[in-house]
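Worksheet: the structure to be examined is printed underneath.
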Amino acid sequence: MVTPAENKLFIQALDGRTHKIPPLWMMRQAGRYLPEYREIRASVPTFLEFCYSPKLATEATLQPIRRFGFDAAILFSDILVVPDALGQKVSFEQGEGPRLPPIVDAAGLLALRSRIDLEKLNPVFETIELIKASLSKETALIGFCGAPWTVASYMIAGRGTPDQKPARLFAYENPDLFQILIDLLVEASIDYLERQFIAGVETVQIFDSWAGVLPLTEFERWCLKPILRIVEGLKVRVPHARIIAFPRGVGSHLEAFAGHPGINALGLDTSADPIWVSRNIQSRKPVQGNLDPFALIAGGRALDESIDRIKQAFAGKPYIFNLGHGILPETPIAHVEQLVARVKSA
Ligand code: CP3
């Protein structure tokens with residue numbers, strides 16, 4: 001029997017169906033480039049209060065769908081609600097990004113909860129239910145979490161860093177302690193994603209934004225294995241779970257994910273070569289990406305040509321059109337309209 005999810009273009013592509021015109025959404029499609037987002041964001045003092053307000057988070061999720069008719073909505077939240085629900089207090093400084101009390105030693109690790117507090121994340125699950133009640137039958141709903149390595153990099157540094165130096169050093173100097181943190185995040189992510197599915201998401205994306213900085217051995221230990229453990233653990237609890245992995249910046253290591261049966265699609269960053277990907281990855285898994293967010297800021301011919309190159313390389317096999325990383329706040333709305341028209345034209 002055909003279930004409603006399987007009538008959605010985006011879900012069909014994840015399941016391996018090829019479309020002449022691909023489904024489309026954009027990473028960070030809700031957010032500061034939209035005046036209607038800036039307006040509702042100004043109604044609460046802090047970003048986390050915004051994330052934990054089901055009405056506001058639902059509205060932020062729906063805004064880009066109303067404006068652009070994307071094929072998928074993504075839950076409005078942040079990857080750092082997980083440390084927050086593990087007992088590490090998270091805040092977002094205006095214009096400066098996230099701040100957490102850095103974890104520098106075993107005592108910092110011991111201060112965390114031993115399991116994620118899902119009660120604290122009830123507003124997120126309530127948001128998913130509200131979104132589901134308002135989405136049209138064509139639009140899929142994506143949940144997400146950060147991958148353990150990326151989330152740990154913020155937990156150790158206490159903030160965003162250009163090179164993830166604190167976490168990289170911590171992992172070399174205290175591998176056993178770092179393993180404990182990664183294991184905790186693997187379990188927390190499985191619990192959290194399971195509840196997102198129960199609340200109504202149809203797929204989840206695992207964001208490993210900083211996967212690309214590690215050498216092979218460390219990549220395998222801190223990125224690949226933990227993500228595969230999440231995939232396997234989630235599939236046991238939610239056998240129908242569809243999962244997109246987005247290990248940003250890993251180049252040819254994408255092949256290590258492409259072979260895993262539990263992963264439905266692979267997110268591609270801006271640097272992935274569409275021709276290489278179509279030969280080596282897309283032959284095994286649907287892919288998603290990978291327009292440069294700066295081409296979207298530039299607009300004009302550069303944007304059209306970038307879109308056409310991606311469409312040509314991925315045509316004839318299943319793919320989802322997206323950016324290679326999140327849309328930037330200074331992006332003109334007219335350029336997003338140009339993107340939608342061009343991707344959706346034959
Ligand atoms: O539209 C969507 O994609 C859904 C919402 C979403 C946000 N963050 C909202 C947000 C998603 C999926 C994320 C993921 C996220 N958050 C990642 C992984 C993806 C990536 O971009 O690499 C990471 C590393 C974070 C951590 C984070 N959150 C940082 C470093 C920052 C500050 C930098 C910034 O862009 O401002 C945030 C804040 C944040 N998360 C904002 C939004 C809309 C901006 C805060 C605001 O609006 O006041």
Side-chain angles (χ1 to χ4, degrees), residues 25-53 56-68 70 72-84 90-100 124 127-128 131 139 141-155 157-162 164 167 185 189 192-193 196 201 203-213 223 227 244-250 267-270 288-290 293 322-331 336:
W25 69 284
M26 297 190 310
M27 287 188 279
R28 293 280 188 104
Q29 63 191 17
R32 285 164 296 184
Y33 75 106
L34 292 175
E36 59 269 37
Y37 171 79
R38 294 196 297 269
E39 195 184 317
I40 58 169
R41 173 67 187 83
S43 68
V44 278
T46 72
F47 180 64
L48 266 194
E49 276 173 82
F50 190 96
C51 291
Y52 290 147
S53 159
L56 290 172
T58 299
E59 175 59 21
T61 305
L62 297 175
Q63 283 174 345
I65 306 303
R66 265 187 225 123
R67 212 186 240 276
F68 304 114
F70 292 127
I74 181 161
L75 164 70
F76 191 89
S77 183
D78 197 84
I79 62 168
L80 298 179
V81 300
V82 166
D84 199 49
V90 177
S91 63
F92 286 82
E93 298 300 322
Q94 202 65 48
E96 286 191 48
R99 291 288 181 278
L100 309 83
V124 177
T127 304
I128 293 171
I131 299 167
T139 318
L141 179 58
I142 306 167
F144 68 92
C145 71
W149 161 250
T150 288
V151 176
S153 76
Y154 290 95
M155 295 176 80
R159 58 196 299 155
T161 50
Q164 294 71 56
L185 287 168
S189 303
Y192 181 42
L193 295 180
Q196 292 187 31
V201 305
T203 180
V204 291
Q205 175 153 321
I206 303 175
F207 287 88
D208 212 349
S209 304
W210 302 121
V213 301
C223 294
I227 290 177
I244 305 166
F246 178 48
R248 192 165 76 94
V250 301
L268 308 171
D269 63 78
T270 305
Q288 171 179 283
N290 70 340
N322 203 318
L323 309 183
H325 200 195
I327 185 170
L328 294 159
E330 61 267 47
T331 308
V336 180

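Numbering starts at 1 and runs along the sequence shown. In each ligand, atom 1 is the first atom listed, and ligand 1 is the first ligand listed.
Residues V204 and C145 have side chains not in contact (no heavy-atom distance under 4.5 Å, counting atoms from C-beta outward).
At a heavy-atom cutoff of 4.0 Å, ligand 1 is contacted by no atom of R248, backbone or side chain. Contact annotation for R32 and ligand 1: only side-chain heavy atoms (C-beta onward) come within less than 4.0 Å of the ligand. With a 4.0 Å heavy-atom cut-off, ligand 1 is reached by the side chain of F144 but not by its N, CA, C or O.
Residue R41 places at least one N or O, backbone or side chain, under 3.5 Å from an N or O of ligand 1. For the pair T150 and ligand 1, the shortest N or O to N or O distance does not fall below 3.5 Å.
With hydrogens left out, the protein atom closest to atom 41 (C) of ligand 1 is F47 CZ, 3.6 Å, a heavy atom. Given atom 1 (O) of ligand 1, the protein heavy atom at minimum distance is A30 N, 3.1 Å. When only non-hydrogen protein atoms are considered, atom 29 (C) of ligand 1 lies nearest to P98 CD, 3.8 Å. The shortest contact between atom 27 (C) of ligand 1 and any protein heavy atom is with D78 OD1, 3.7 Å. When only non-hydrogen protein atoms are considered, atom 24 (C) of ligand 1 lies nearest to Y154 OH, 3.3 Å. When only non-hydrogen protein atoms are considered, atom 22 (O) of ligand 1 lies nearest to S209 OG, 2.5 Å. Closest to atom 23 (C) of ligand 1, if we only count protein heavy atoms, is I79 CD1, 3.4 Å. Looking at atom 37 (C) of ligand 1, its nearest protein heavy atom turns out to be F92 CE2, 3.4 Å.
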Any chance you could lay out the side chain to side chain contact (heavy atoms under 4.5 Å, CB included) test for F92 and L80, step after step, and finish with the verdict?
CA-CA 10 Å; F92 286 82; L80 298 179; 4.2 Å; yes

Can you check side chain to side chain contact (heavy atoms under 4.5 Å, CB included) on L48 and D84, steps first, answer last?
CA-CA 10 Å; L48 266 194; D84 199 49; 3.8 Å; yes

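Close contacts of ligand 1 with F76, meaning ligand atoms under 4.0 Å from a residue heavy atom, involve 43 (C). In summary, the atoms of ligand 1 found under 4.0 Å from a heavy atom of G97, numbered by their order in the structure, are 32 (C).
In terms of heavy-atom proximity, P83 sits nearest to L100 at CB-CD2, 3.9 Å. When all heavy atoms are compared, the tightest approach of I40 to L56 is CD1-O, 4.0 Å. For the residue pair D269 and F246, the shortest heavy atom distance occurs at N-CE1, 3.9 Å.
If you check the side chains of D208 and T150, you find a donor sitting under 3.5 Å from an acceptor. A donor-acceptor contact closer than 3.5 angstrom is absent between the side chains of Q63 and Q29.
Taking 4.0 Å as the cut-off, Y37 counts as a neighbour of ligand 1 on heavy-atom distance. Residue contact check for ligand 1: H325 places a non-hydrogen atom closer than 4.0 Å to it. Distances from ligand 1 to the non-hydrogen atoms of S77 include at least one value under 4.0 Å. Ligand 1 has no atom lying under 4.0 Å from any heavy atom of T61. Ligand 1 is never approached by F246 to a heavy-atom distance shorter than 4.0 Å.
Side-chain atoms of R248 come within 3.5 Å of backbone N or O of S209 as a donor-acceptor pair. Remark: the backbone N or O of W210 is paired with a side-chain donor or acceptor of W149 at under 3.5 angstrom.
Remark: R66 CZ is packed, more than 12 non-hydrogen atoms of other residues, nucleotides or ligands lying under 6.0 Å away. Around the CD atom of E39, the shell of radius 6.0 Å holds no more than 12 heavy atoms that belong to other residues, nucleotides or ligands.
The pair E36-R41 does not meet the salt-bridge criterion, since no charged nitrogen lies less than 4.0 angstrom from a carboxylate oxygen.
In this structure, atom 4 (C) of ligand 1 has protein heavy atoms in its sub-4.0 angstrom surroundings.
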